[in-house]
Structure formats: C-alpha cells, structure tokens
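Each chain gets a letter, A, B and so on, in the order its sequence line appears, and its residues count up from 1. The analysis underlying the following values was restricted to heavy atoms, covering all of them including side chains, and did not include hydrogens, waters or symmetry mates.
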There are 2 protein chains.
Amino acid sequence: MRELLRTKGYKMTPQRELIFRAFLEAGEHVSVEDLYQRVREIDSSIGYSTVWRSLKLICTVGLAKEVNLGDGVTRYERITLQPHGHLYCLQCKTLTEFEMANIVSLLEPIARTYRFQVEGLKCEIHGLCEECRKRNQNTDSTGLTH
Amino acid sequence: MRELLRTKGYKMTPQRELIFRAFLEAGEHVSVEDLYQRVREIDSSIGYSTVWRSLKLICTVGLAKEVNLGDGVTRYERITLQPHGHLYCLQCKTLTEFEMANIVSLLEPIARTYRFQVEGLKCEIHGLCEECRKRNQNTDSTGLTH
DNA sequence: GGCCAAATGAAATCGAATTTCACTTTCAAT
DNA sequence: ATTGAAAGTGAAATTCGATTTCATTTGGCC
C-alpha cells in the first residue's frame, strides 16, 4: 500500500493507513459519511475532509470508483476484476451486484458503432427488493412512500 | 395537455403552458437551468422554482423522467416508447441515445433471479465522443482535463 | 361574482461536495 | 539523525444544485 502511494508521489500517513484499512474492511458501497463514522470510532480526531480526500485518493490510485445512483449520495466501491451491474432498492437503498459480462459484450459493439472511447460501463436495475416488497404487504399497500 | 393535468387534479396556468411547450420543443436531456434559460427568453418573469416544479410535474404525470449521470446535474428527458441507454461524453457532456431492447431482455431475467420488482432500467457508456477525441489530438495529448 | 385550493416568484434553506487556511507531518537529501 | 520543501491534516467556510417557505396571485368549479 505504502509502495503504491509512493510510486505515484503520495505520502503514507497514519490517517490514510487507518482510512484505507477501514475502506477495505467495510463492505462494498460506502459513502463518505459511512466511512467517516467507521473511522471515527477508531480515531475520533480524524476529520471528515481527510476521509473525503482519502476516498478520492483511493479512486485516483485505481483501487475504487465512485457510484452515483441519483439519490444525492456518492458511494465508493472497490474495483473488481469482473464487471458488474447494480440492483438498487429504492426503498432500503441496498445495493446488490450482478454479473454483467454478457451485457458488456453487447455494449462494446455499440460503443464501437458510435466511435466512442469507453471509460466506463454502467448498468442498473432500480426497483424494490424482495424484503421491502414483503414488508410493504404487511403494512401499507402503496409500495413506495413518496 | 390541459385535460391530462385536470384529470390528475392539477391546474393549467400560462406558466405551465409555456414551460411544457418549451420542454417538448427542447431537444432531449435538459437540466432545470437549461429550461429556465429557454423559458426566460420568452417570458422573463417566470421564476426558477416554477420551472423546477413544472419539470417535477411533467415527471409526475408520466411524460418525462429524471436522468442522473453523476456530474451533479439532474437532467430530464421525455419518456420514449423503446428503452434506450446513454452514451455520455465526459468532456463535452453530450448525451447520445442507443437502443437497448436486447439488453433489456438480458436484464429482466436477472431481476427475476433476484426477485426484484423493476421500476427502471439504466445502461450507460461513459467515455469520449469522436469529436472530443479529435479535438484532443489537435491540442494536448492527455485526453482528459482533470 | 366569489370562494379557496392550487400555483407562483423571490428569497431562504438544505445538504453533500469541495475548498481554504493555518498548522503539522512525511521523507528524500544531506 | 537533521532538516526543509512538499504534501497532508482538521476545522471551518464556501459552493452550488435541489428544495422549501411564505406572502401573494390565480384558475376553475359553485
């Protein structure tokens, strides 16, 4: 880790050490706020902006990327070898990943058709997860709250 | 239009008349700011919040939906019969649509596998469009500015 | 015409993201 | 080990789009 940073001209610090570890140990898809809370349980002197900057840095060195779902909160997820899409529950905000290699092989020809240089592919299914649907049946019948 | 609103309990007003028309005449993918500028060229007394509320209303009555690309600006696009994905140029921010019926037929089984009730499907290709790539060759060699 | 819920516009507020700034720390070159 | 320049830190301030508030006006049904 220290090496990875150094080769790109960044310094290792105790804060980064802690934040990077917390990020890797956290499940997928943490927001700055999520990680900030986790980190401050261990060292409450670490500032929000340091966590924010560290997450940006983690992205810069290629270990993670931002995920934006349109709910106003940016999440960060580790970059994985195989491309995946997201099932996003509009109610509980839970993210589930699904394999999308087969979809990628459809998207790439499309990009080629439009002479587009691909930097990233994204596939999302927004809706209601099984748990939320069950929960809704026991309470109201509308499904969504807004 | 007036009827569509009335049946859902909304009133038609001169402002809405103008904003709705401007939205339909505008190309796809306008932001609130975009539409506000267009509208105020015709009637500069119309407020930003009215434009914002009208776009929300257009979504509510089912004529448009929000598109979020992670660049901090919400765009609105007319709902079309056939599902489409977006080619999003990270440099000039231009959106191009592509047909994705074949991808939808891959996504639906996935949703079913996860017992997910689908509310919306999204497919995006982020990258550089042909124009921007050409433009970059004539200036710098890095490609992206940040 | 008259009512009254809905709509409007300006300004205020919200909240996440990002920047500023004074101070501290890292680390490569002594 | 020392040190100085560059990078990093934390608190607070700022930014900026989205959203709400509120006093006032308006649409459309009686």
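Within the 4.0 angstrom heavy-atom criterion, only backbone atoms of the sugar-phosphate kind lie near A:Ser45; the bases stay farther away. Among the heavy atoms of the strands, none lies under 4.0 Å from B:Ser31. Heavy atoms of A:Arg53 sit under 4.0 angstrom from at least one base atom. Residue contacts for B:Tyr10: at a heavy-atom cut-off of 4.0 Å it reaches the sugar-phosphate backbone alone, with no base atom in range. Using a 4.0 Å heavy-atom cutoff across all strands shown, A:Thr13 reaches sugar-phosphate atoms only and no base atom.
Between A:Met12 atom CE and C:dT24 atom P the separation is 23 Å, expressed in whole Å. Going from atom CD of A:Glu66 over to atom C1' of C:dA16 covers 12 Å, rounded to whole Å. For B:Glu17 and D:dG27, the CD to P distance is 12 Å, given to the nearest whole Å. Between the CD1 atom of A:Ile46 and the C1' atom of D:dG8 there is a distance of 12 Å, given to the nearest Å. Going from atom CG of A:Leu35 over to atom P of C:dA17 covers 13 Å, rounded to whole Å. The interatomic distance linking B:Lys11 (NZ) with D:dC29 (P) rounds to 9 Å, in whole Å. Per the geometry, CD1 belonging to A:Ile19 stands 11 Å off C1' belonging to D:dG8, to the nearest Å. The CH2 atom of B:Trp52 sits 11 Å away from the P atom of D:dT21 (whole-angstrom rounding).
A:Gln15 has no side-chain polar atom (N or O) that falls below the 4.0 Å cut-off from OP1 or OP2 of C:dT25. OP1 or OP2 of D:dA18 has at least one side-chain nitrogen or oxygen of B:Tyr48 nearer than 4.0 Å. In terms of phosphate contacts, B:Thr74 brings no side-chain nitrogen or oxygen within less than 4.0 Å of OP1 or OP2 of D:dG17.
Transitive grouping of hydrophobic side chains (ILVMFWY, heavy atoms separated by less than 4.5 Å) brings A:Phe20 and A:Ile46 into a common cluster.
By the 30° and 60° cut-offs, the orientation of the rings of A:Phe98 relative to B:Tyr114 is tilted.
Electrostatic pairing of A:Glu131 and A:Arg135 does not count as a salt bridge here, judged by no charged N lying under 4.0 Å from a carboxylate O. With salt bridges taken as basic N to acidic carboxylate O contacts below 4.0 Å, one links B:Glu17 and B:Arg21.
Residues B:His29 and B:His86 bring their aromatic ring centres within 6.0 Å.
Taking only distance into account, the side chain of B:Arg16 never meets the base of D:dT26 through a donor-acceptor pair shorter than 3.5 Å. Side chain A:Ser49 to base D:dA11: a donor-acceptor pair is found below 3.5 Å.
Summary of the strand contacts: A:Tyr76 and B:Thr50 both lie near DNA chain C, and taking for each the nucleotide with the nearest heavy atom, the more 5' one is attributed to B:Thr50.
Nearest nucleotide to the side chain of A:Lys56, out of C:dA6, C:dT18, C:dT26: C:dT18.
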